Novice: 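I have a structure here, written as structure tokens, and I will follow up with some questions on it.
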Amino acid sequence: MNNFCGGIRIDKNTLKIIDGVICDVNAASVDKSKAVSTCGQLWDGALFTVVKVGGAGYITLHGSEGEEIGAPIMGRGNCGVGLDGRFFKIVNGAVTLQNGFLLTVDVTPNDAIITVTNTDGETVDPVSGNAKQFLLKGIGDTYTVTATKTGYTTEAKQVKNTGDQTFTIVMKAST
């Protein structure tokens, strides 16, 4: 089976197609009658939903009980379909599913450098184009947010991934 459907190329490690419907790679079946779409390409309604932003539809995830999980970060797939940038990225030309929630760091002074690390000490890359937004994976996991700037005391604080959130750090001038 190829990795193309309706012009979209999918990453076979994270997504697959069952009966013409894009679903999670671990799905065993899909209910085609509950599939969602923005452009005619069907997405598994058990995992995905459509959110309208400025009149355009974006494919995003919904929680296990179907609840909304916040406003999408508008992005595009390799075929132009609107995809939520919190959960999808293009890797080697293919749409890849990634799980995560957006952490926005509001820091004073505004030009401080922010780093975020997980419990294993691995650095989380900022969202493309914004050095103060980070995609956190495991819900409930704890991350360390560190702010540094010459002339200020370095601040390192813990944040728990509870979903999309803004985290504030106010640095103190060093003496």
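Note that the structure is predicted; figures quoted are calculated from it, not measured.
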Novice: If you round to the nearest 0.5 Å, how far is CG of Asn161 from CG of Asp141?
Specialist: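 Going from CG on Asp141 over to CG on Asn161, the span is 7.0 Å.
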
Novice: Can a donor-acceptor pair be found, under 3.5 Å and without considering hydrogens, that links the side chain of Thr104 to the backbone of Thr166?
Specialist: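 The answer is no, because no donor-acceptor pair under 3.5 Å joins these two groups.
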
Novice: Decide side-chain contact (heavy atoms from CB on, under 4.5 Å) for Val36 and Leu42; before the verdict, give the C-alpha distance in whole Å, the side-chain angles of both, and the deciding distance to 0.1 Å.
Specialist: CA-CA 6 Å; Val36 298; Leu42 300 177; over 6 Å; no

Novice: Supply the atom-to-atom distance Asp19 CG to Lys32 NZ, rounded to the nearest 0.5 angstrom.
Specialist: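 One gets 4.0 Å once the value is rounded to the nearest 0.5 Å.
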
Novice: Distance from Thr38 atom OG1 to Ile59 atom CD1, nearest 0.5 Å?
Specialist: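 Between atom OG1 of Thr38 and atom CD1 of Ile59 there are 4.5 Å.
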
Novice: For the backbone of Asn110 and the side chain of Thr108, can you confirm whether one donor and one acceptor N or O come within less than 3.5 Å of each other?
Specialist: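 Between the backbone of Asn110 and the side chain of Thr108 there is no qualifying donor-acceptor contact (under 3.5 Å).
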
Novice: What pair of heavy atoms forms the shortest contact from Val50 to Gly57, and how long is it?
Specialist: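 For Val50 versus Gly57, the nearest heavy atoms are CG1-CA, 4.1 Å.
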
Novice: For Val95 and Thr14, work out which heavy atoms get closest and say how close.
Specialist: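 Closest pair (atom of Val95, atom of Thr14, distance): O-OG1, 4.4 Å.
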
Novice: Could you walk me through whether Thr49 and Thr60 pass the side-chain contact (heavy atoms from CB on, under 4.5 Å) check?
Specialist: CA-CA 5 Å; Thr49 189; Thr60 188; 3.6 Å; yes

Novice: When you compare the side chain of Ile10 with that of Ile17, does any pair of heavy atoms fall below 4.5 Å?
Specialist: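 Yes, close enough: below the 4.5 Å cut-off.
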
Novice: If you compare all heavy atoms of Gly93 against all heavy atoms of Arg9, which two are closest, and at what distance to 0.1 Å?
Specialist: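 What the structure gives for the nearest pair is C-NH1, 3.7 Å.
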
Novice: State, with a plain yes or no, whether a side-chain heavy atom of Met171 is found less than 4.5 Å away from one of Pro109.
Specialist: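 They are in contact (side-chain heavy atoms under 4.5 Å apart), so the answer is yes.
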
Novice: For Val159, is there any backbone N or O sitting under 3.5 Å from a side-chain donor or acceptor partner on Gln165?
Specialist: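 Not at all, since once roles are kept as given, no pair shorter than 3.5 Å links the two residues.
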
Novice: Give the table of side-chain donor-acceptor pairs shorter than 3.5 Å for residues 20-30, with sequence neighbours excluded, one pair per line with atom names and distance.
Specialist:
unit_1 : atom_1 : unit_2 : atom_2 : d
Asp24  : OD2    : Asn26  : N      : 2.8
Asp24  : OD2    : Asn26  : ND2    : 3.4

Novice: Please round to the nearest 0.5 Å and tell me the distance separating atom CD1 of Ile90 and atom CG of Asp11.
Specialist: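 Ile90 atom CD1 to Asp11 atom CG measures 10.0 Å (nearest 0.5 Å).
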
Novice: Using side-chain contact (heavy atoms from CB on, under 4.5 Å) as the criterion, list what pairs up with Thr144, not counting sequence neighbours.
Specialist: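 With sequence neighbours excluded, Thr144 shows a side-chain contact (heavy atoms from CB on, under 4.5 Å) to Thr117, Thr146, Ala156, Gln158, given in chain and number order.
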
Novice: Nearest 0.5 Å please: distance from the CD atom of Gln41 over to the CD1 atom of Ile8.
Specialist: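 It comes to 6.5 Å.
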
Novice: Within the side chain of Asp31, is there an N or O that forms a donor-acceptor pair under 3.5 Å with the backbone of Ser33?
Specialist: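 The answer is yes, because a donor-acceptor pair under 3.5 Å joins these two groups.
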
Novice: Does any pair with a residue in residues 13-32 pass ring pair (Phe, Tyr, Trp, His ring centres under 6.0 Å), and if so which ones, sequence neighbours excluded?
Specialist: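 Pairs touching residues 13-32 that pass the test: none.
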
Novice: Shortest non-hydrogen contact from Val124 to Phe134?
Specialist: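 Where Val124 meets Phe134 most closely, the heavy atoms are O-CD2, 3.5 Å.
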
Novice: Please report the closest heavy-atom contact between Ile169 and Glu155, naming both atoms and the distance.
Specialist: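 Of all heavy-atom pairs spanning Ile169 and Glu155, the closest is CG2-CB, 3.8 Å.
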
Novice: Within this structure, what is the CG-NZ distance for the pair Leu97 and Lys16, rounded to the nearest 0.5 Å?
Specialist: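 Atom-to-atom, Leu97:CG and Lys16:NZ are 13.0 Å apart.
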
Novice: Where do Asn118 and Asp120 come nearest, in terms of heavy atoms and distance?
Specialist: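 Here Asn118 and Asp120 meet closest at OD1-N, 2.9 Å.
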
Novice: Give me each pair satisfying ring pair (Phe, Tyr, Trp, His ring centres under 6.0 Å) with a member in residues 148-175, each pair once, sequence neighbours excluded.
Specialist: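 Listed by first then second residue: nothing to list.
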
Novice: Lys149: which residues meet the salt bridge (charged side-chain N to carboxylate O under 4.0 Å, His left out) condition with it, sequence neighbours left out?
Specialist: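 Lys149: salt bridge (charged side-chain N to carboxylate O under 4.0 Å, His left out) contacts with Asp111.
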
Novice: Should Leu103 and Tyr143 be marked as a side-chain contact (heavy atoms from CB on, under 4.5 Å) after you check the CA-CA gap, both sets of side-chain angles, and the distance that decides it?
Specialist: CA-CA 10 Å; Leu103 170 68; Tyr143 292 80; 5.8 Å; no

Novice: Please determine whether side-chain contact (heavy atoms from CB on, under 4.5 Å) holds for the pair Val116 and Thr123, giving the CA-CA distance in whole Å, both sets of side-chain angles, and the decisive distance to 0.1 Å.
Specialist: CA-CA 6 Å; Val116 175; Thr123 301; over 6 Å; no

Novice: Strictly by ring pair (Phe, Tyr, Trp, His ring centres under 6.0 Å), give each pair with a member in residues 17-51 just once, sequence neighbours left out.
Specialist: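 For residues 17-51: Trp43-Phe48, Trp43-Phe88, Phe48-Phe88.
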
